[in-house]
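Written out below as structure tokens is the structure these notes cover.
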Amino acid sequence: AEFLKRDITQKGYEKKRSKLLQAYLPHTQDYICPSVFAVGAERRIPVTPSSSSSSSSRYQRRRSTGTRDERYRSDVHSEAVQAALERHSERKMTVLLPSKRQSLVGQTSMDTYTPPDSSSGSDAEGSLGRAGGVSVDSWISRALHGSPSTSSSSSSHSNSSANAARLAETSMHSYGYSLTAPPDITSYMPDPAPISVQRPQVTMITRPLPKYGNAELMETGDGVPVSSRVSAKIQQLVNTLKRPKRRPLREFFVEDFEELLEVQQPDPSLPRPEGVESTPIQGEELDGLKNCPASLEAALLRWGAIAPKAPCLTTTHSNAKQPYTLTYGKLWSKSLKLAYNLLHKLGSKQEPIIHPGDRVALVYPNNDPAAFMVAFYGCLLAEVVPVPIEVPLTKKDAGSQQIGFLLGSCGVAVALTSDACHKGLPKSASGDVMQFKGWPKLLWVLTDSKHLSKPPREWFPLIKDANNDTAYIEYKTCKDGSVSHITNDITRPMYIHTFILSFICMHVFSVRPQEGSSKPAGQGVLSMTNLSHGVIRVDTGEKLSVLTLQDVGTAMPGAMVCVVKLEGVPQLCKTDEIGEICVSSVATGTSYYGLSGMSKNTFEVCPVACDGGFVSDCVFVRSGLLGFVGPGGMIFISGTLEGLMQVGGRKHSADDIIATALAVEPMKFIYRGRTVVFSVNVLYDERIVLVAEQRPDSTEEESYQWMSRVLQAIDGIHQVGVYCLALVPANTLPKTPLGGIHLSETKQLFLEGALHPSSILMCPHSCITNLPKPRQKQPEVGPASVMVGNLVAGKRMAQASGRDLSHMEDNEQFLFLSEVLQWRAQTTPEHILYTLINSRGAIGSSLTCLQLHKRAEKIATLLYERGQLRDGDHVALVYPPGLDLIAAFYGCLYAGCIPITVRPPHPQNISTTLPTVKMILEVSRSVCVMTTQAISKLLKSRDASVAVDFKSWPPILETDDLPKRRCSLLYKPCDPDTLAYLDFSVSTTGMLAGVKMSHNATSALCRSVKLQCELYPSREVAVCLDPYCGLGFVLWCLCSVYAGQQSVLISPMDLEVNPALWLQSVSQFKVRDTFCSYSVMELCTRSLSSLTDSLKARGMDLTRVRSCVVVAEERPRVALTQSFCKLFKDVGLHPRAVSTAFGCRVNLAVCLQGTSGPDPTTVYVDMRALRHDRVRLVERGSPHSLPLMESGKILPGVRIIIANPETKGPIGDSHLGEIWVHSPQNASGYFTVFGEENVRSDHFGARLSFGDTQTLWARTGYLGFLRRTDLTDANGERHDALYVVGALDEVMELRGMKYHPIDIETSIIRAHRNITECAVFTWTNLLVVVVELDGSEQDALDLVPMVTNVVLEEHYLIVGVVVVVDTGVIPINSRGEKQRMHLRDGFLADQLDPIYVAYNM
């Protein structure tokens, strides 16, 4: 079994061979096989010039230590690795150390690290520590700005560009050919010039508040604003990635879009096999078998009778006891005794437990081969089938469940074991052997003689001749961790196999020649680079990337061996080609138990020649070994099929990768015997992952130094990149029963994100070379050509409109909301307009038409008398959500002032939120602040004065105590186009934008909403929205006055205390129409997921709800709305009732589902097509499908057209473009304090470049498309559905393709169960991912490979930086929208306090 893992040196092979075969074969001298391998022998790497005696003694000392990785030790290979590192000593491989929170750092603080030096040499141990305590900040500063360095272990460069140039030059020199910069890093599509915009801090309602503010920025040499540490690291990462990688592969994976494909051209420079077709080799004839026993049982009987005292087995013990010798007589008597007890002493005579042909498990430790041998032959004598398995150590052994499947599928009900082994098995509380996971219930039988009865003299077992019955079943663990059971028949040559010592895998097909044979030992020094292409080439000069192979002998007697291709039809390989070795012999395994299909592919192989004919009438068995047949019929083994990893069209052996990694000095940071290498499939190719257990006393700095040297060594020796290198704490990897690392279980933990590494280094930039081609910018087709092409193709232009606003009602004769309120106070004074619900679910307060009118008059008096305000002055309304805000708004209208609603500062985070309030006041030119007495005290508090000087505030008017007398004369505007109020909000890109709403637009908007939702005084509407901007403010303050319906108001902040408040109010007031935000819907879904039964028991009933509208300025969240509908279906909510509304800055309400018309539709589009500004409809469940829900019906009086945002030309139906709106409710324009109203004037007065060039349109800044459906509107026409894709300002252009952050974030959230929220943004064309961790900080590193993998798989992008933060750090506004630019500013200013920051190389 030791020969299963080959050594790579002649010296190591001879040592193993002499140790294992010294009792059977005399020691042979070293031979060099003549012919082609003699050339390789002359050129082979010289062995270490130490004496053989000292080398042998050193080897024996190493073997005595008990390590299990001696097959990887090689002085020659270590020298090659050191030479490879020295060759790259001038090429500084910059590995950015991750940023860790102090609680996550074990030994050394992150701030004391110096960047690792990649200089090679065995004496470089601890070279990082000689830099003299250089901090990361100073080191990065030197790297960026070129300050001189005092460190002797790293070199400085003049600036970052020179650094990148030198890296590129060194890399090109190292690889020996000219390279171009990789297309997937930076500078493919330059970002637009940054606009200096003040970003206010956004207050979050349903989440903890982020504790960071605006950062003081600096600029790098490229003029890119960065802050101190984090952004400098990113800039360093960008400079590192600018260096050319190895030659990119020309092959690209198959893509549906032809423009992404590159014609695959065969590379003529790749090595190809050139030899002739190989032929099967035949072993010697089997002679002298006439007197052999007919079976193993007959042989045991013969030798037990003829030579009962002859030694059959001698075993030694590690505790220095005398060796134990099992004679043939003892073996026969003990086996006979066990066979009798199995058949007659288990169960009763009428119902025995074991019958001939049953399967029995053999559970014996490796240090007790005598007991195992007795049990094995006892089963053969009893005519039962033994199934040897490993001894289970714990209930959670790696692979234990697969072993249980093996036992269950074989029908095993009895397990044989020794007394000593039985005592060591894990026991339950009752003292019985524990029931292992997945195992069938077993009867444990002790096979020691003292537990067995002596058989009667007349009983004798049946000694059969050789036949095709199953002799025993052994199991094999496949590459994926599954278990297959191999049956071996009782055939006559099976007896001969007991005398053959060279066992390879599960089949024996070769033997070493005896001394004096005409076939001496052979050796070949082969090029590892050519071996990776499956071609055998003797090394011709490259001394580093070589592999020394020793033959394993010739074909065994009576067997035939051939080498077939690894893929496709089992065709014979050429003589210089690596293939899978197949053997034809009567002594091999016969099948996989119960797996006929797999058995045929493995045990019934018929090799064919190049002409298609079979090479032999015999069937062959695949061995799972890779190799070739050398001169003289010598068989050479180069690896195993299960350890083969195919990366980029080249094949690499996992053992070779491990040997290279373990040859990197110093090795004091990891355990040599606890290292595994496997491959994972990412982006249509295999990627290499190396996992090792780290010693507890090693620091992170030392570990990353070793990791960087391992990357260089593997790159230099194998010319392949490592995708992930992870170090885990000691004794955490799953173990096999023999003490090794369980490969498949470790791989499964990595894929599930449960490996829990202590250090991890991802290198996707150097490994991923099969990304799609970057999209090339094509010359734009003119808008006229597009329009003509659509007309010729019969496609309609993408335009639609809502119904007409011609019908007038009584209150619609007024042009101003102030007049409507006065009219309602006169006609229906006692009609309740507003009802405010408190946090306990009771009515807190209410306002009738007359009460609101009188209160507004008193506020107008307050503004006239105390504020001394004039017509047109701007007044900031800083109120919590409630009725005071509504009264203050209409009081401003009565006084002729312009109101601006402002969210009050958060008391728990006043230092962050108060500057935002102050900024809005300054930008809006507010001359006065109206608020409550409580908020006024908050503004005057000591904490507030630290953030904003109280003297800088404008006059503050408290409205708790209003004047008793009314205003004598109310203000009446003379022009409906004059300004009514200013609407300020922060966009998702972090820009504070205020739009001007005229009286005419305000009335038109209220009228449009009234018609769409059928709002009348007899209706009740529940509103749970933020009342400070957008459609939320319109529904909270304006619509009830205009339409007369009673609005039940619920503050979203109260839902933090009582999550069921909104739905309870809807049920209590029997409301038919309700409005909410995504943040409210998400809070209810998350907090009430397990309380629906109790809510139903308390009487919650949502069957009356006919319209539940989610108000947002984004793409509809299909998954959230579906989850909400499914969750509250039990309390009567109909899925058809839930819909969305869409509004933006230029038009606060473009679409709203309303109460009539067709239900909202959902289509599925290809996500890959959206990256190319195309819409491709696919079926539900298709690969890369993205669900898009209709954003509601177009409001009355609104016209929509889809235009090209660059050419401003109209486009056709179902084509992606910018949504343009023409409506009387459009805003008048942006309001800024700096006089920049004309900067974005085309947003409100855009004209089409072709077609209808006279109409003025407002540009929403959102991408979407129109699609005419087969549904019918209320007016009988076909329904035009609008689908919003995303905001133009949020689009990230990477590799020439356009990505919407929400798509990437959705994929990332699904990647790991501990990711609760995430946000993505770009910085210097690097993709930065911020994920919130809901779990232990020790699990933070598990998220790095999961995030990197899913973004590569689903979006073909390489993540540059992964930031793991606490829950609640990602800022979210009151509408539930992520403030990604605020997050970016906080990250670059190093204010997030991240748990872990990984920089992917």
Side-chain angles (χ1 to χ4, degrees), residues 192 195 779-792 795-802 804-805 976-977 979 983 987 991 993-998 1000-1001 1004-1005 1008 1113 1142-1151 1173 1175 1191 1194-1232 1235-1268 1280 1282-1289 1291:
I195 301 176
E780 292 288 349
V781 180
S785 301
V786 172
M787 189 170 185
V788 172
N790 288 325
L791 293 175
V792 172
K795 296 181 180 179
R796 60 182 290 269
M797 301 310 295
Q799 55 183 346
S801 60
D804 194 12
L805 284 175
D977 292 329
L979 192 59
D983 190 298
S987 66
M991 185 182 69
V995 295
K996 299 181 289 187
M997 292 295 296
S998 65
N1000 194 13
L1005 177 58
S1008 182
E1113 297 182 5
F1142 170 66
C1144 59
R1145 291 286 77 204
V1146 299
N1147 192 314
L1148 304 182
V1150 178
C1151 297
D1173 296 331
V1175 177
S1191 295
I1194 302 174
L1195 284 169
V1198 176
R1199 289 176 56 193
I1200 289 178
I1201 193 169
I1202 307 298
N1204 189 310
E1206 298 178 0
T1207 65
K1208 300 182 181 180
I1211 58 179
D1213 192 56
S1214 295
H1215 282 66
L1216 190 66
E1218 186 181 8
I1219 303 170
W1220 288 16
V1221 181
H1222 174 76
S1223 171
Q1225 65 197 46
N1226 284 356
S1228 306
Y1230 288 119
F1231 182 88
T1232 62
E1236 298 177 353
E1237 288 85 351
N1238 296 326
V1239 173
R1240 297 173 179 260
S1241 59
D1242 63 330
H1243 281 201
F1244 298 90
R1247 299 178 187 269
L1248 293 173
S1249 58
F1250 191 81
D1252 182 10
T1253 59
Q1254 302 301 318
T1255 305
L1256 290 179
W1257 300 86
R1259 302 180 60 174
T1260 64
Y1262 283 82
L1263 292 173
F1265 62 94
L1266 280 169
R1267 178 174 176 267
R1268 174 155 289 184
D1280 293 315
L1282 174 67
Y1283 301 93
V1284 177
V1285 175
L1288 267 172
D1289 292 339
V1291 172

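- The salt bridge (charged side-chain N to carboxylate O under 4.0 Å, His left out) test applied to Arg1259 returns Glu1218, Asp1242, not counting sequence neighbours.
- Salt bridge annotation for Arg1145-Asp983: present, with a cationic side-chain nitrogen under 4.0 angstrom from a carboxylate oxygen.
- Note: Cys1151 SG to Leu1195 CG = 6.5 Å, rounded to the nearest 0.5 Å.
- In this structure the side chain of Arg1199 reaches within 4.5 angstrom of the side chain of Trp1257, judged on heavy atoms.
- Judged by distance alone, with hydrogens and angles left aside, the side-chain atoms of Ser1191 form no donor-acceptor pair with the main-chain N or O of Phe1142 at under 3.5 Å.
- Residue Ala1227 comes nearest to Phe1244 through the heavy atom pair O-CD2, 3.3 Å, listed as atom of the first residue, atom of the second, then distance.
- Judged by distance alone, with hydrogens and angles left aside, the side-chain atoms of Ser1008 form a donor-acceptor pair with the main-chain N or O of Pro1196 at under 3.5 Å.
- Contact annotation: the side chain of Val1285 never approaches that of Tyr1262 to less than 4.5 Å [non-hydrogen atoms, C-beta and beyond].
- Test Ile1201, Asn1204, Asp1252 against Pro1210 for side chain to side chain contact (heavy atoms under 4.5 Å, CB included) and you get one pass: Ile1201.
- To the nearest 0.5 Å, atoms OG (Ser1228) and NZ (Lys996) are separated by 6.5 Å.
- Phe1231 is not listed as a side-chain neighbour of Val995, based on a closest heavy-atom distance of 4.5 Å or more.
- Residues that satisfy the salt bridge (charged side-chain N to carboxylate O under 4.0 Å, His left out) test with Arg1268, not counting sequence neighbours, are Asp1280.
- Note that the CD1 atom of Ile1202 and the CG atom of Leu1266 stand 4.5 Å from one another [nearest 0.5 Å].
- Under the side chain to side chain donor-acceptor pair (under 3.5 Å) criterion, Asn1147 pairs with Gln1225, Asn1226, not counting sequence neighbours.
- Here the closest non-hydrogen pair linking Pro1224 and Gly1197 is CD-O, 3.4 Å.
- Atoms OH and CD1, on Tyr1283 and Ile1219 in that order, are 12.5 Å from each other to the nearest 0.5 Å.
- Atom CG of Leu1005 and atom OG of Ser998 lie 10.5 Å apart (nearest 0.5 Å).
- Within the 4.5 Å cutoff, no side-chain heavy atoms of Leu1248 are placed close to those of Gln1254.
- Distance check: Asp1173 CG to Leu1216 CG gives 5.5 Å after rounding to the nearest 0.5 Å.
- Using modelled atom types, one side-chain atom of His1222 and one backbone atom of Leu1256 make a donor-acceptor pair closer than 3.5 Å.
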